[in-house]
Every structure is written in structure tokens, then in C-alpha cells.
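What follows is one structure encoded as C-alpha cells, with my remarks underneath.
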Amino acid sequence: MTGRIGITRDGRVLLVTMDDGATKNALTSEMMAAARDALLQAAGDPGVGAVVLAGAGDTFCSGGNLGRLIGNAKADPSSTRAALEDFHGWIRAMRACPKPVIAAVEGAAAGAGFSVALGCDLIVAAEDSTFTLAYVKVGLNPDGGASAFLSRAATPQLAAEIMFEGGRIGAARLAQLAIVNRVVAPGTALAEAMAWAARLAEGPAVAIGRAKRLIESGFGAADAQLDREAAFFVEALHGPEAAEGIAAFFEKRPPSYPRG
């Protein structure tokens with residue numbers, strides 16, 4: 001059974017939930033398309049004042065599926081690019097939605113899961129949650145706008161550390177760096193995000209929508225960076241470093257990347 005996207009309403013707040021316990025909410029093309037459609041509908045629904053994005057269970061999102069990437073690597077690069085557009089279409093919908101979008105993070109936000117959290121306007125995270133951009137560990141580069149959003153929020157040195165090392169970063173450190181807005185007790189991130197979203201949903205919708213557009217234009221829209229990420233990701237997945245990195249991951253050994 002593939003994962004699904006749960007859609008529920010609580011007053012003027014739309015809750016979008018990534019739900020696949022077997023894979024810790026790893027993303028599939030069906031999930032990404034459903035999440036994108038939910039954001040597009042929320043954008044035009046005057047009954048929705050804010051959106052909360054969460055993961056079912058004790059994990060926000062474990063990222064993409066490396067097994068699926070192996071299949072993509074063996075196919076034509078155009079197939080990889082098309083699969084990326086499913087993901088990037090969702091990120092674009094989040095950024096274009098005139099309503100506040102809040103991530104409620106419990107457990108891990110890894111790889112594409114970290115990208116999704118960064119694509120939200122606000123992040124509420126449990127104090128024991130962790131964030132990882134581990135693409136580099138399998139010879140890939142970030143997608144989902146992570147490079148754009150980190151470049152906005154962090155110094156070049158911090159963005160380099162996160163993307164070069166691919167290590168885990170705790171919610172407390174990201175809060176100190178103003179990347180995470182609020183750190184809360186484990187198990188309470190969703191309740192805090194829903195309460196915050198409910199307050200924002202009662203605010204002046206047009207003014208908030210304009211503020212979101214001003215923030216986006218002030219930093220430079222992420223749209224062009226999403227295209228660059230997609231192009232680099234396709235090159236990487238169909239290159240020798242990713243082939244070795246992914247093979248090493250499944251064979252549980254250190255990778256030996258080609259030199260020269």
C-alpha cells in the first residue's frame with residue numbers, strides 16, 4: 001500500500017497530513033500530487049485561512065524513496081525530471097498560496113522532508129526533532145527548494161555545512177538560527193501549529209497574502225532555483241557519484257566515489 005495524504009478541516013484551518021507509517025511518511029508521486037492539489041484548492045477557498053502540514057505518527061517525513069530513485073536512474077533522464085516536477089509543483093503551490101502554511105514537525109524531517117518544512121512559511125518543531133539534508137551522502141544535491149530556502153535563512157557558511165555534511169541538526173540549533181520558529185515539548189507540535197494557524201486564520205486575509213508575496217519578492221522567488229535544483233538533480237542521479245552512493249547505502253558500506 002502506498003502512502004496517502006490526509007485532508008481534514010478544523011474551522012478555518014486545513015490540515016494536510018503525510019501518512020505512510022511503513023516508510024515513516026516517505027514521499028510518493030501520488031502523495032506529492034495530492035498535497036499540491038490541496039494547496040491549490042486552499043488558495044482559492046475563502047473558508048480556509050491557514051494550512052498546517054504534518055506527518056502521521058512520530059515522524060514528519062523521511063524524504064524520498066531511494067529504491068524508486070534506482071529505477072529512475074535506469075530510465076531516461078526526462079523521467080527523472082518529470083518525477084521532480086511532481087515534487088516541485090507542490091513546493092510552488094505552497095509558496096504561491098496566499099494563506100500561511102505552518103509545518104508541525106515531530107521526529108525526523110529528512111531529505112525532501114526537510115525541504116518541505118523549509119518551504120512552509122513557519123515551522124513548529126518538537127524539541128527532540130531532527131533535520132537532515134543527507135543528499136550528499138548518496139552523491140546527490142538537494143531538491144524541493146532547500147538550497148533557496150537555506151540561502152535565505154542562513155549564512156553561506158551554515159548553508160554549506162548543512163549541504164556538504166548532510167548531518168543531523170536539532171530543532172534547538174535551528175531555532176537559535178531563526179530557521180525554526182517555535183520549539184515545543186515532544187508530541188505537541190501539531191497542537192501548537194493548529195492553535196497558531198487558527199489565530200492567523202482570523203486575521204486580515206488579504207493583508208497576510210500580500211505580506212507573503214512581499215516576503216517572496218524581497219528574497220527573490222524560489223521558482224528559478226527550483227528549476228536549477230531539478231537540472232542538477234537529474235545530472236547527479238544519472239552520474240557515477242550517485243550510482244556509487246546509492247549502491248553503498250543499500251550494501252551498508254562506505255562509498256568510494258570516483259576520482260579524476
Consider only side-chain N and O atoms of [X] and [Y], and report whether a donor and an acceptor are under 3.5 Å apart.
{"X": "Thr59", "Y": "Glu106", "answer": "no"}
{"X": "Gln176", "Y": "Arg173", "answer": "no"}
{"X": "Ser78", "Y": "Asp76", "answer": "yes"}

Determine whether Glu229 and Phe87 satisfy the following criterion, side chain to side chain contact (heavy atoms under 4.5 Å, CB included), listing intermediate values before the conclusion. CA-CA 12 Å; Glu229 283 187 347; Phe87 184 25; over 6 Å; no
Please check: side-chain N/O of [X] versus main-chain N/O of [Y], any donor-acceptor pairing under 3.5 Å?
{"X": "Lys212", "Y": "Cys97", "value": "yes"}
{"X": "Ser79", "Y": "Ala75", "value": "no"}
{"X": "Lys24", "Y": "Cys61", "value": "no"}
{"X": "Lys137", "Y": "Pro255", "value": "no"}
{"X": "Arg12", "Y": "Pro46", "value": "yes"}
{"X": "Asn141", "Y": "Ala236", "value": "no"}
{"X": "Ser151", "Y": "Ser147", "value": "yes"}

Dump the intermediate steps for salt bridge (Lys or Arg N to Asp or Glu O under 4.0 Å) on Glu85 and Arg92, then the final yes or no. CA-CA 10 Å; Glu85 287 310 312; Arg92 288 186 169 99; 3.3 Å; yes
Heavy atoms from other residues, nucleotides or ligands near [atom1] of [X] exceed 12 (cutoff 6.0 Å):
{"X": "Asp10", "atom1": "CG", "value": "no"}
{"X": "Arg9", "atom1": "CZ", "value": "yes"}
{"X": "Asp58", "atom1": "CG", "value": "no"}
{"X": "Arg199", "atom1": "CZ", "value": "yes"}

side-chain contact (heavy atoms from CB on, under 4.5 Å) partners for Ala26, two or more places apart: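 With sequence neighbours excluded, Ala26 shows a side-chain contact (heavy atoms from CB on, under 4.5 Å) to Thr23, Ser62, given in chain and number order.
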Which residues satisfy the side-chain contact (heavy atoms from CB on, under 4.5 Å) test with Leu122, sequence neighbours excluded?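 In terms of side-chain contact (heavy atoms from CB on, under 4.5 Å), with neighbours along the sequence ignored, Leu122 is linked to Ile102, Asn181, Trp196, Leu200.
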Walk me through it: do Arg152 and Glu216 pass the test side chain to side chain contact (heavy atoms under 4.5 Å, CB included)? CA-CA 10 Å; Arg152 294 176 179 184; Glu216 192 75 1; 3.2 Å; yes
Can you give me the closest heavy-atom contact between Ala54 and Leu15, atom names plus distance? CB-CD1, 4.2 Å
Considering all heavy atoms of both residues, which atom of Ala189 and which atom of Ala104 are nearest to each other, and what is their separation?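 So the two residues come closest at O-CB, 3.8 Å.
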Would you compute the distance between atom [atom1] of [X] and atom [atom2] of [Y] and round it to the nearest 0.5 angstrom?
{"X": "Asn25", "Y": "Ile5", "atom1": "CG", "atom2": "CD1", "value": "8.5 Å"}
{"X": "Ile162", "Y": "Thr132", "atom1": "CD1", "atom2": "OG1", "value": "10.0 Å"}
{"X": "Asp143", "Y": "Ile91", "atom1": "CG", "atom2": "CD1", "value": "8.5 Å"}
{"X": "Thr155", "Y": "Glu161", "atom1": "OG1", "atom2": "CD", "value": "9.0 Å"}
{"X": "Arg81", "Y": "Asp86", "atom1": "CZ", "atom2": "CG", "value": "12.5 Å"}
{"X": "Leu39", "Y": "Trp90", "atom1": "CG", "atom2": "CH2", "value": "8.0 Å"}

With Phe114, which residues qualify under ring-ring contact (aromatic ring centres under 6.0 Å, His included), at least two apart?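 With neighbours one apart ignored, the set is Phe131.
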Could you tell me if the side chain of Val234 sits less than 4.5 Å from the side chain of Leu84, heavy atoms only? yes
Going through the checks in order, is the side chain to side chain contact (heavy atoms under 4.5 Å, CB included) test met by Leu133 and Ser115? CA-CA 8 Å; Leu133 279 183; Ser115 299; 4.1 Å; yes
Reference residue Leu190; test side chain to side chain contact (heavy atoms under 4.5 Å, CB included); the match among Val184, Val124, Thr17, Val52: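 Of Val184, Val124, Thr17, Val52, side chain to side chain contact (heavy atoms under 4.5 Å, CB included) with Leu190 is met by Val52 alone.
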Considering only NZ, NE, NH1 and NH2 on the basic side and carboxylate oxygens on the acidic side, decide whether Asp121 and Arg95 come within less than 4.0 Å. yes
